[in-house]
Amino acid sequence: MSEFYEFNPTPEQYAYTFGPNKPLAKVRPGDVLKIRTEDCFGGLVRGFGDLPSQVCTFPYLNPVTGPFYVEGAQPGDTLALHFASITPARDWAVSSTFPHFGALTATSHTAMLHPPLEERVWVYEIDKAAGIVRYSARNSDFTVDLPLDPMHGTVGVAPGAFESRMTITPDAHGGNMDTPELRAGTTVYFGVNVEGALFGVGDGHARQGQGEVSGVAVEAAMETVVAVELIKNVATPWPRIESDTHLISTGSARPLEDAYRISQHDLVTWVSELTGLDLLDSLQLVTQAGEAPVGNVVDTNYTMVAKLAKQYLGRTSVYDGVHARLKALGAGYR
């Protein structure tokens with residue numbers, strides 16, 4: 001029988017790495033969690049004068065709620081997490097430009113002689129009832145309402161081989177993938193690397209454009225309902241996402257073309273396994289019907305996703321129908 005738990009961490013309970021951290025709690029497959037997550041700045045950026053470089057302390061950025069130990073999870077299994085709901089916890093959110101961070105400025109990986117971009121903060125109003133976030137320019141009176149599209153930029157499990165990875169780094173364990181595909185209604189799958197899986201969730205975005213070009217989305221604290229399941233003795237090489245309509249593979253690496261290749265390779269081989277098509281027939285189908293949105297081109301690794309509409313796959317069962325089961329389970333707790 002499933003249990004329902006609520007977790008509202010104190011500031012000292014947030015984690016800043018995926019790895020062998022002490023679990024915040026133990027849960028079982030079939031349980032449903034309601035968790036509070038803080039924004040990537042830890043709630044310290046609240047107004048125009050709160051420049052991140054002044055109010056935040058590295059490496060205490062991008063906190064995640066967790067880790068959660070999943071009973072029975074062992075290496076070689078797959079952890080499934082279904083986002084039943086993702087709701088902004090406040091009526092405001094923030095964004096910024098950040099020195100030496102983003103796709104259009106010098107960074108530690110792309111050293112240039114020109115000065116970094118000006119550090120600037122934007123504050124967004126969130127109207128949950130109307131389903132909008134309000135963009136307001138800093139140097140003019142221009143405003144525009146954008147659709148509210150809550151998501152989590154960071155979700156993952158502990159990597160293997162005693163590794164500990166900063167939460168800002170995406171890789172095969174998940175992490176800061178920053179793809180808007182991680183919204184409510186989706187199920188994300190991770191290969192389990194250590195006993196208990198040790199998953200965490202954070203980095204809520206009220207919305208984000210593909211690629212997160214400035215490096216900072218509309219950063220928001222969230223209240224999120226997650227349903228948990230464990231798929232025994234089934235490996236998942238890279239994080240995968242399933243919605244009602246699409247299958248989605250991720251890849252994170254540098255350079256960007258390697259992230260692209262990882263995501264496309266995973267989708268082609270996944271489609272082949274699901275349909276029985278040989279690899280070249282699967283490649284041809286993905287080539288003609290697939291999509292390739294960008295997750296981010298700003299993090300320590302870049303993230304690409306590859307997606308394909310389920311309507312093109314015939315009568316296939318994905319992970320034995322776990323997405324539909326978790327969706328039904330989570331619906332009672334949204």
Side-chain angles (χ1 to χ4, degrees), residues 15-19 40 52-53 56 58-64 95-117 151-182 188-191 193 200 202-203 205 208-217 219 236-241 248-270 283 286 290-307:
Y16 297 89
T17 61
F18 288 99
C40 71
S53 66
C56 300
F58 186 82
Y60 298 103
L61 292 165
N62 212 48
V64 299
S95 191
S96 75
T97 45
F98 201 94
H100 302 295
F101 189 65
L104 297 180
T105 186
T107 71
S108 59
H109 286 72
T110 306
M112 307 289 279
L113 291 176
H114 65 74
L117 294 178
M151 51 158 288
H152 277 289
T154 302
V155 55
V157 296
F162 307 108
E163 271 196 274
S164 180
R165 304 295 299 274
M166 291 182 63
T167 56
I168 64 171
T169 300
D171 211 314
H173 68 285
N176 195 29
M177 297 177 285
D178 281 324
T179 169
E181 304 291 349
L182 288 167
V188 58
Y189 303 99
F190 298 99
N193 303 302
D203 190 25
H205 298 169
Q208 179 209 299
Q210 302 285 358
E212 199 184 26
V213 62
S214 78
V216 185
E219 309 289 339
T236 295
W238 282 85
R240 293 170 173 172
I241 305 166
I248 303 163
S249 292
T250 71
S252 298
R254 285 199 184 200
L256 185 63
E257 56 261 37
D258 281 352
Y260 175 86
R261 291 184 180 109
I262 291 167
S263 63
Q264 294 291 330
H265 176 277
D266 187 74
L267 184 59
V268 168
T269 55
W270 191 12
L283 171 62
V286 170
E291 303 170 59
V294 181
N296 83 85
V297 193
V298 298
D299 290 332
T300 47
N301 283 330
Y302 300 151
T303 299
M304 288 291 304
V305 301
K307 62 187 292 189

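Counting heavy atoms from C-beta outward, Met177 and Asp299 have side chains that stay 4.5 Å or more apart. Contact annotation: the side chain of Val297 never approaches that of Val213 to less than 4.5 Å [non-hydrogen atoms, C-beta and beyond]. You'll find the side chain of Tyr302 stays beyond 4.5 Å of the side chain of Val294, heavy atoms only. Side-chain contact between Tyr189 and Pro239 is absent, with no heavy-atom pair separated by less than 4.5 Å.
Closest heavy-atom contact between Arg240 and Ser249: CG-OG, 4.4 Å. Closest approach of Gly251 and Ala259 over heavy atoms only: O-CB, 3.5 Å. The two residues Ala292 and Met304 make their nearest non-hydrogen contact at O-CE, 3.6 Å. Residues Gln208 and Gly295 approach most closely at NE2-O, 3.4 Å, considering heavy atoms. Considering every non-hydrogen atom in both Gly191 and Val157, the closest pair reads O-CG2, 3.6 Å.
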Legend entry - Chi angles and distances behind the side-chain hydrogen bond (donor to acceptor under 3.5 Å, both in side chains) call for Thr169, Thr300: CA-CA 6 Å; Thr169 300; Thr300 47; 2.7 Å; yes
Legend entry - Residues Phe190, Val155; criterion side chain to side chain contact (heavy atoms under 4.5 Å, CB included); working and verdict: CA-CA 10 Å; Phe190 298 99; Val155 55; 3.9 Å; yes
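To the nearest 0.5 Å, atom CD1 of residue Ile241 and atom CD of residue Glu181 are 6.0 Å apart. Note: Asn296 CG to Asn301 CG = 8.5 Å, rounded to the nearest 0.5 Å. Atom-to-atom distance recorded for Met112:CE and Thr105:OG1 is 9.0 Å, nearest 0.5 angstrom. Separating the CD atom in Glu291 from the CG atom in Leu267 is a distance of 10.5 Å, to the nearest 0.5 Å. Atom CZ in Phe58 sits 4.0 Å away from atom CE in Met166 (nearest 0.5 Å). Note that the CZ atom of Phe18 and the CZ atom of Arg165 stand 11.0 Å from one another [nearest 0.5 Å].
There is a side-chain donor-acceptor pair under 3.5 Å between Thr154 and Asn62. Counting only N and O atoms by type, the side chains of Ser252 and Thr303 include a donor and acceptor under 3.5 Å apart. Counting only N and O atoms by type, the side chains of Asn176 and Asp178 include a donor and acceptor under 3.5 Å apart. Using modelled atom types and a 3.5 Å distance limit, the side chains of Thr250 and Ser263 yield no donor-acceptor pair.
Legend: residues meeting salt bridge (Lys or Arg N to Asp or Glu O under 4.0 Å) with Arg261, ordered by chain and number and at least two apart, are Asp258. Every residue meeting the side chain to side chain contact (heavy atoms under 4.5 Å, CB included) condition with Pro99, not counting sequence neighbours, appears here in chain and number order: Pro116, Glu119.
Remark: the backbone N or O of Trp238 is not paired with any side-chain donor or acceptor of Thr236 at under 3.5 angstrom. In this structure, the side chain of Glu219 does not engage the main chain of His205 through any donor-acceptor pair within 3.5 Å. In terms of modelled atom types and a separation under 3.5 Å, the side chain of His152 and the main chain of Gly202 share a donor-acceptor contact. The backbone N or O of Gly19 lies less than 3.5 Å from no partner atom in the side chain of Thr17, so there is not a single donor-acceptor pair.
The 12-atom threshold is not exceeded at OH of Tyr260, counting heavy atoms of other residues, nucleotides or ligands nearer than 6.0 Å.
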